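Working notes, beginning with the structure itself.
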Protein chains: 2
Amino acid sequence: MSKSKKDNNTEQQILNAARQVFLEKGLAGARMQDIADKAEINKAMLHYYFKNKDLLFETIFKETAGKLFPHFDKLMDSDLNFFDKIRSIVSSYIEMVSQNPYLPLFVISEMNKNPEIGLKNFFEKQRPGFVKKFKEAIEESINSGLILSINPLHLIINMFSMCAFPFMAKPMLKIITGIEEEQFNILMEQRKVLVAEFIINSIKK
Amino acid sequence: MSKSKKDNNTEQQILNAARQVFLEKGLAGARMQDIADKAEINKAMLHYYFKNKDLLFETIFKETAGKLFPHFDKLMDSDLNFFDKIRSIVSSYIEMVSQNPYLPLFVISEMNKNPEIGLKNFFEKQRPGFVKKFKEAIEESINSGLILSINPLHLIINMFSMCAFPFMAKPMLKIITGIEEEQFNILMEQRKVLVAEFIINSIKK
DNA sequence: AGCTTTGTTAACCATTTGGTTAATTTATGT
DNA sequence: ACATAAATTAACCAAATGGTTAACAAAGCT
């Protein structure tokens with residue numbers, strides 16, 4: 001095979017470093033020198049591999065935004081019943097965010113500060129098709145009399161709100177509730193089942 | 001009477017401009033020149049009135065963070081029943097965020113990028129005492145058999161999640177759901193009652 | 001081996017940006 | 001009216017920052 005580059009190792013170091021710095025500080029707050037330092041390479045290498053700051057950022061943003069709605073498409077196609085689908089999505093989503101706490105705030109924050117970025121990236125690639133499937137599943141559950149009538153969009157919004165928001169607002173929540181890191185983690189662990197049951201409780205007939 | 005300054009009008013222009021720019025771009029993304037331009041004053045005036053960027057930012061941040069949990073203390077002391085308190089808080093909170101869409105994302109985002117800022121500001125001033133009152137109200141409602149047992153913190157988190165998150169994630173939601181500005185506003189208007197009923201539905205016995 | 005391409009570095013450059021200064025204008029008190 | 005203090009401006013400055021260059025080292029190819 002023979003890779004064209006020594007090993008594309010440098011590129012990975014850059015991406016890892018850039019990911020850390022961008023996720024933590026955002027586009028405007030990130031410093032190219034910081035990324036270079038963290039990657040333990042010369043700053044010029046950043047431009048050698050990724051032209052400029054904006055393009056490096058775009059690479060990270062695309063990669064990151066892509067993680068935001070993982071394998072939910074397949075999950076919606078599974079033969080789980082509606083409630084178990086909700087349980088499964090909630091649980092795996094909170095797990096994912098636990099593993100990548102900066103992810104939602106990063107994507108949302110940068111999309112707000114740079115509105116065109118979302119369209120430029122989300123649309124060209126994988127537009128979350130799972131929303132349509134989820135909507136259909138909700139409508140079907142309503143029609144079959146399983147759950148109360150509700151606008152599917154609200155249900156979807158409620159679900160993601162309760163999954164993602166606590167991680168974004170973590171510093172604030174810690175202050176206003178007075179809890180510490182450890183207890184915060186316990187709460188988030190509980191939410192993997194609690195949020196789903198909270199939702200189901202609210203919509204089940 | 002006799003104000004010491006021409007009218008402290010300039011100071012207000014600066015604060016208005018700074019508020020706009022900081023809320024939209026964040027501390028790192030804001031430019032002093034942009035603030036000066038928007039305030040229609042000379043850049044030096046920013047430093048004349050507010051020493052430096054960090055202090056100007058801190059002024060705005062304090063003011064903004066202070067709006068985040070408004071009059072809920074008093075509301076908790078009112079003679080409304082528990083469910084009506086929830087309805088009232090949800091409704092007025094969503095209304096407030098509708099009027100200040102950037103507010104939650106700004107505070108949360110800056111607290112994440114600059115962790116010490118929260119402690120420096122939240123604690124010294126008004127620590128939200130309403131959380132304690134809300135907790136007590138929840139516990140009382142559980143004990144009196146009005147609602148199902150639930151950790152008060154989760155309930156509080158769920159409530160604010162569903163109120164604030166949609167506004168923060170607006171650009172993303174618009175893309176993944178395919179809705180436009182107008183329909184988004186309709187949805188948010190609906191949520192003023194929908195979110196409260198969703199919560200009540202879930203916890204009522 | 002010898003030539004070419006790819007990878008890497010240190011030094012440098014131009015622009016942006018937060019901040020300052022000194023001079024000027026505007027208001028205020030007496 | 002006059003002296004004093006507050007407000008405002010244009011020009012300037014130094015540091016930070018994104019980006020470039022030119023020389024050099026390492027791989028790959030024939």
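Just so it is clear: chains get the letters A, B, ... in the order the sequence lines come, proteins before strands, and each one is counted from 1. Keep in mind it's a predicted model, so treat the numbers as computed, not measured.
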To the nearest Å, how far apart are [X] [atom1] and [N] [atom2]?
| X | N | atom1 | atom2 | result |
| --- | --- | --- | --- | --- |
| B:Ile41 | D:dA10 | CD1 | P | 12 Å |
| A:Asp37 | D:dG18 | CG | C1' | 14 Å |
| A:Ile35 | D:dT17 | CD1 | P | 12 Å |
| B:Met45 | D:dA10 | CE | C1' | 13 Å |
| A:Tyr48 | C:dT8 | OH | C1' | 9 Å |
| A:Leu46 | D:dG18 | CG | P | 10 Å |

Residues which pass ring-ring contact (aromatic ring centres under 6.0 Å, His included) with A:Phe22, listed by chain and number, not counting sequence neighbours: A:Phe57

Nucleic acid footprint by protein, nucleotides 12-24 of chain C - heavy-atom cut-off 4.0 Å, B for base, S for sugar-phosphate alone: -----SBBBB---

Salt bridge (charged side-chain N to carboxylate O under 4.0 Å, His left out) against A:Arg87, all qualifying residues, sequence neighbours excluded: A:Asp84, A:Glu197

Which side-chain N or O atoms in residues 153-165 of chain A pair as donor and acceptor under 3.5 Å with protein atoms at least two apart or in another chain?
unit_1, atom_1, unit_2, atom_2, d
A:His154, ND1, B:Arg191, NH1, 3.1
A:His154, NE2, B:Gln190, OE1, 2.7
A:Asn158, OD1, B:Arg191, NH1, 3.1
A:Asn158, OD1, B:Arg191, NH2, 2.5
A:Asn158, ND2, A:His154, O, 3.4
A:Ser161, OG, A:Ile157, O, 2.6

For [X], which residues count as a side-chain contact (heavy atoms from CB on, under 4.5 Å) partner, sequence neighbours excluded?
| X | result |
| --- | --- |
| B:Glu139 | B:Pro152 |
| A:Ser78 | A:Leu80, A:Lys85 |
| A:Glu189 | A:Lys192 |
| B:Lys133 | B:Asp73, B:Met76, B:Asp77 |

DNA chain D contacts made by residues 15-22 of chain A, counting heavy atoms under 4.0 Å: none

Ring geometry between A:Phe184 and A:Phe167 (parallel below 30°, tilted from 30 to 60°, perpendicular above 60°): perpendicular

